[in-house]
Amino acid sequence: MRAALVWHMRAALNVAALQCQFEPTLLTVPNYNSILADHGEELKGAFDTLTKYFLRVNKAAGARAGQAALDQFGTRTYSSFATVAAQYGFCQTAASIGRDAVFAPRGHFAEVALARSRELRNSLIPWGEQRFPRYIGSERSAPMMIRLDPICWNKKGEWVAKKCGAQNWPPAGVGIAGR
């Protein structure tokens with residue numbers, strides 16, 4: 001489990017180094033390279049442990065099946081960090097974790113991974129976009145739509161509350177300036 005956790009975090013920081021280059025001040029690439037240099041032995045040990053695990057679990061099917069299972073694990077791990085909708089939050093979180101990992105003593109990368117993995121996974125949840133903003137909580141509720149049924153409007157274009165109830169537009173608390 002420890003080896004998988006270490007490898008999982010290394011994969012996330014690798015993906016961040018590749019996909020977060022749009023913001024060089026996050027230092028994802030230099031931090032990732034420093035992590036490889038400082039924690040190389042621990043990362044190699046984690047990879048060796050995972051390799052032995054997949055070969056042992058798939059012993060009956062042969063070494064080729066063990067290697068295929070390891071490759072599949074790696075592909076799924078890397079793919080789980082590919083994001084578009086949550087890229088900004090993921091990159092900021094990965095940069096913070098990368099900085100912590102750089103300053104962690106050698107042999108203590110697993111502690112950083114254990115302490116910050118949930119935070120990194122949570123950063124993949126999209127909560128907003130620069131171009132098309134979303135608001136927290138709005139995804140769960142149905143959009144407010146004004147009723148356009150002809151029965152709800154009189155000939156003057158006024159709402160008929162007796163036939164369709166209280167008008168639900170604009171939503172409560174939203175004035176013209178807030179729209």
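Values reported hereafter were calculated over all heavy atoms of this structure, with side chains retained and with hydrogens, waters and symmetry mates removed. These numbers were taken from a predicted model, which means no experiment stands behind them.
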Can you give me the closest heavy-atom contact between [X] and [Y], atom names plus distance?
X	Y	answer
Val102	Ser34	CG2-CB, 3.9 Å
Ala46	Val6	CB-CG1, 3.8 Å
Ser117	Met9	OG-CE, 3.6 Å
Glu42	Phe109	OE1-N, 2.9 Å
His8	Phe81	NE2-CZ, 3.4 Å
Val160	Ile151	CB-O, 4.4 Å

Euclidean distance, [Y] [atom2] relative to [X] [atom1], rounded to 0.5 Å:
X	Y	atom1	atom2	result
Arg118	Ser123	CZ	OG	10.5 Å
Leu43	Asp38	CG	CG	10.0 Å
Leu50	Arg2	CG	CZ	13.0 Å
Arg116	Arg121	CZ	CZ	15.0 Å
Gln72	Thr75	CD	OG1	7.5 Å
Leu26	Arg99	CG	CZ	10.0 Å

Above 12 or not: heavy atoms from other molecules or residues under 6.0 Å from CD of Glu41?
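Not more than 12 within 6.0 Å, no.
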Qualifying side chain to side chain donor-acceptor pair (under 3.5 Å) pairs with a residue from residues 46-58, counting only residues at least two apart or across chains:
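Every pair satisfying side chain to side chain donor-acceptor pair (under 3.5 Å) with a residue in residues 46-58: Lys44-Asp48.
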Run the numbers on Arg10 and Phe47 for side-chain contact (heavy atoms from CB on, under 4.5 Å), then give the verdict.
CA-CA 10 Å; Arg10 190 211 60 82; Phe47 184 73; over 6 Å; no
[X] and [Y]: same hydrophobic cluster, using ILVMFWY side-chain contacts below 4.5 Å?
X	Y	result
Val29	Phe90	no
Leu13	Leu124	yes
Leu36	Val112	yes

Mind telling me whether Trp153 and Trp159 have parallel, tilted or perpendicular rings, with 30° and 60° as the class edges?
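Plane angle over 60°, so perpendicular.
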Parallel, tilted or perpendicular: ring planes of Phe54 versus Phe73, cut at 30 and 60 degrees:
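The arrangement is tilted - the two ring planes meet at 30° to 60°.
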Between Leu5 and Leu114, does a side-chain contact (heavy atoms from CB on, under 4.5 Å) hold up when you go through it step by step?
CA-CA 7 Å; Leu5 184 65; Leu114 181 62; 3.8 Å; yes
Checking the side chain of Gln87 only, and the main-chain atoms of Gln19 only, is there a donor and an acceptor separated by less than 3.5 Å?
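Yes; judged by distance alone, with no hydrogens or angles, the pair exists.
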